[in-house]
Amino acid sequence: MSTTTTAPSVGAGGVGPPVAPKTDKVLSLYHLLDPEVLANPYPLYHRLRTEDPVHWDPFLHAWVVTRYADVIKVLHHFSADRTPTPEQLSAMGLAAMNPIAEVMVRQMLFLDPPNHTRLRALASAAFTVRRVERLRSHIQEIMDGLLDRVASNGRMDLIADFASPAPAIVTAELLGVPVADHQQLKEWSADFAEMLGNFQHNPDRFPRILRSVENMCSYFRSAMQEQRLNPRDGLVSAMMAANVDGAKLTEDEIIANLIVTMVGGQETTTNLIGNGMLTLLRNPEVMERLRADASLIPAAVEELLRYESPSQHTARLAPDDVEMGGRHIRKRQAVIAVMGAANRDPERFPEPDRLDIDRKDNRHVAFGWAAHFCFGAHLARLEGQIAFATVLRRLPSLALDTATPLRWRDNLGLRGLTALPVLFDQCQRAVNDGSKRES
Ligand code: HEM
């Protein structure tokens with residue numbers, strides 16, 4: 001989950017700009033608003049990495065770092081505490097945004113130690129690897145069920161029919177709320193993710209985003225009330241019960257972090273599956289290898305995360321005056337770390353623009369790095385592995401439907417497709433319940 005948001009609509013925060021070098025406009029991340037650049041941002045990233053790896057972006061009023069080594073330094077050492085407080089927003093005449101800020105200032109994504117450490121420890125006590133493992137068979141059933149629905153059609157939109165609903169249903173299961181609510185949760189998440197992922201804020205969308213945040217808060221508040229009386233297996237109850245050395249989460253902290261966990265798990269995982277399937281359809285020899293040998297899929301998921309990272313960038317503030325790449329970054333200036341560029345850095349990954357599922361040393365930064373390393377990485381990996389294995393096994397003749405041109409979502413931080421139309425002339429039945437699912 002990327003978060004370019006720092007000080008909404010008054011520029012990416014921090015103190016005033018230094019003297020700008022000559023090439024800045026050409027290298028601005030604003031070019032991602034151009035659909036052609038958005039469809040393939042890697043040439044822009046390559047220019048940034050080679051011509052100005054620590055680049056002052058005059059449009060974003062932020063530094064942009066694209067080299068692997070620098071991205072790691074920023075994610076490891078720079079401050080994640082970049083959300084304006086309600087008091088600061090009111091002072092800027094933006095009090096209308098306070099309900100959103102009230103939630104964000106409690107979310108682990110926007111906190112520094114010691115508060116981040118306390119909160120993450122408590123949330124991790126609830127979100128264990130064992131809890132995720134328990135979801136494995138459910139995830140398989142959910143994904144088989146979604147393919148059953150389209151099995152006889154011979155075509156599908158891999159995003160709308162599979163990659164989008166699957167993580168939404170899994171997330172509802174994980175939270176321990178009614179699965180029937182997954183569509184609503186998905187819509188609220190998309191609104192919140194839109195705000196997190198974009199540096200261009202669309203004021204017309206603000207009322208809707210505000211409503212979604214308020215609705216999510218009251219949804220989880222009533223879920224907590226209900227589960228206080230009737231606890232359920234899931235994160236809502238587990239976060240309420242979480243206790244580390246006598247410390248517990250407050251109700252507002254639980255709500256804020258249920259929201260960031262829910263949002264964190266939706267679009268990103270949809271993009272992993274969608275971007276990954278498109279990449280495999282464009283590399284049919286690799287797709288055939290995976291079809292022939294499913295044991296290669298875990299390594300393939302890591303390579304697809306590196307090659308087409310679902311989360312392209314995130315933001316931090318400089319903790320002090322810092323020298324980086326020959327540039328002087330001043331304390332509290334905003335810095336955008338572009339994981340999508342770092343994952344294609346030839347200084348770190350040989351032949352970075354080649355998809356190589358045999359790549360041994362693949363410590364990509366698609367899940368971030370250090371204290372804020374993705375909280376749901378183990379679940380995302382599991383969903384990705386099951387999704388690719390299931391689609392490749394059950395749709396042996398899968399092909400891209402080239403009739404409709406592909407379009408990338410205009411969320412600049414979360415890289416994904418609006419649709420992925422595919423064709424197939426037969427759908428194998430699911431492994432675990434063949435008789436009922438004959439296509
Ligand atoms: C392929 C799927 C995913 C990708 C690419 C991804 C990527 C990321 C990245 C890059 C970060 C770090 C952001 C930063 O440092 O500013 C992050 C943090 C986070 N992710 Fe994920 N994520 C994915 C799936 C998930 C899932 C499934 C969940 C939950 C169910 C989740 C929940 C979170 C949370 C709560 C954080 C904040 C952690 C913290 O600040 O301590 N993510 N994710």
Side-chain angles (χ1 to χ4, degrees), residues 1-2 4 23 26-29 31-32 34 36-55 57 63-76 268 271-287 289-290 296-314 324-326 335-370 373-374 377 380-381 384-385 388 406 408 412-417:
M1 171 167 31
S2 68
T4 317
T23 63
V26 181
L27 295 178
S28 171
L29 285 186
H31 291 290
L32 290 171
D34 169 350
E36 265 181 48
V37 178
L38 189 62
N40 179 16
Y42 303 106
L44 171 64
Y45 295 163
H46 176 72
R47 288 199 61 190
L48 274 162
R49 244 189 344 259
T50 48
E51 295 173 32
D52 201 12
V54 180
H55 172 71
D57 193 313
W63 292 96
V64 175
V65 298
T66 43
R67 273 188 306 208
Y68 185 90
D70 296 333
V71 164
I72 287 209
K73 218 177 280 165
V74 169
L75 294 180
H76 201 151
T268 48
N271 296 345
L272 165 60
I273 300 168
N275 302 356
M277 282 313 305
L278 174 65
T279 304
L280 293 178
L281 286 161
R282 286 177 170 168
N283 293 273
E285 72 297 342
V286 176
M287 189 159 75
R289 277 188 68 198
L290 296 180
L296 298 172
I297 288 180
V301 167
E302 296 310 310
E303 177 63 355
L304 292 168
L305 282 163
R306 180 195 72 79
Y307 189 78
E308 280 284 17
S309 307
S311 167
Q312 289 277 302
H313 51 238
T314 189
M324 186 182 272
V335 181
I336 296 182
V338 187
M339 293 87 77
N343 283 336
R344 297 274 190 124
D345 184 349
E347 281 173 26
R348 181 63 184 82
F349 302 102
E351 295 185 270
D353 298 323
R354 188 168 71 85
L355 181 75
D356 177 7
I357 61 171
D358 304 313
R359 198 178 287 276
K360 291 291 168 276
D361 174 12
N362 199 351
R363 278 200 83 187
H364 57 74
V365 288
F367 287 126
W369 194 266
F373 183 83
C374 177
R381 284 175 164 135
Q385 291 165 13
F388 295 122
L406 295 174
W408 293 83
L412 309 182
L414 295 171
R415 178 167 174 72
L417 293 158

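Along the sequence shown, the residues carry numbers beginning at 1. These numbers were taken from a predicted model, which means no experiment stands behind them.
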State the [atom1]-[atom2] distance between [X] and [Y], to the nearest 0.5 angstrom.
X      : Y      : atom1 : atom2 : answer
Leu355 : Asn283 : CG    : CG    : 5.0 Å
Thr268 : Phe367 : OG1   : CZ    : 8.0 Å
Gln312 : Leu38  : CD    : CG    : 9.0 Å
Asn343 : Met339 : CG    : CE    : 8.0 Å

Closest approach of [X] and [Y], non-hydrogen atoms and distance?
X      : Y      : value
Phe388 : Leu272 : CZ-O, 3.5 Å
Asn271 : Pro310 : CB-CB, 3.7 Å
Pro352 : Arg359 : CA-NH2, 4.3 Å
Leu48  : Thr66  : C-OG1, 3.7 Å

Can you tell me if [X] uses its side chain to pair, donor with acceptor, with the backbone of [Y] under 3.5 Å?
X     : Y      : answer
Asp70 : Pro53  : no
Arg67 : Ala342 : no
His31 : Val26  : yes
Arg47 : Leu27  : no

Decide yes or no for [X] and [Y]: does some side-chain heavy atom of the first lie under 4.5 Å from some side-chain heavy atom of the second?
X      : Y      : value
Trp408 : Val37  : no
Arg344 : His46  : no
Ile336 : Asp57  : no
His364 : Ser309 : no

- Task: Please list, chain by chain and in numerical order, all residues satisfying salt bridge (Lys or Arg N to Asp or Glu O under 4.0 Å) with Arg354, sequence neighbours excluded.
- Result: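 In terms of salt bridge (Lys or Arg N to Asp or Glu O under 4.0 Å), with neighbours along the sequence ignored, Arg354 is linked to Glu351, Asp356.
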
- Item | Set of residues satisfying ring-ring contact (aromatic ring centres under 6.0 Å, His included) with respect to Tyr68, sequence neighbours excluded |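 ring-ring contact (aromatic ring centres under 6.0 Å, His included) list for Tyr68, sorted by chain: Phe349.
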
- Query: Can Val338 and Leu29 be said to form a side-chain contact (heavy atoms from CB on, under 4.5 Å), step by step?
  - Reply: CA-CA 10 Å; Val338 187; Leu29 285 186; 4.2 Å; yes

- Message: Given Val335, which partner from the list Val65, Val54, Leu75, Val64 fulfils the side-chain contact (heavy atoms from CB on, under 4.5 Å) test?
- Response: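 Per the side-chain contact (heavy atoms from CB on, under 4.5 Å) rule, the option paired with Val335 is Val65, out of Val65, Val54, Leu75, Val64.
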
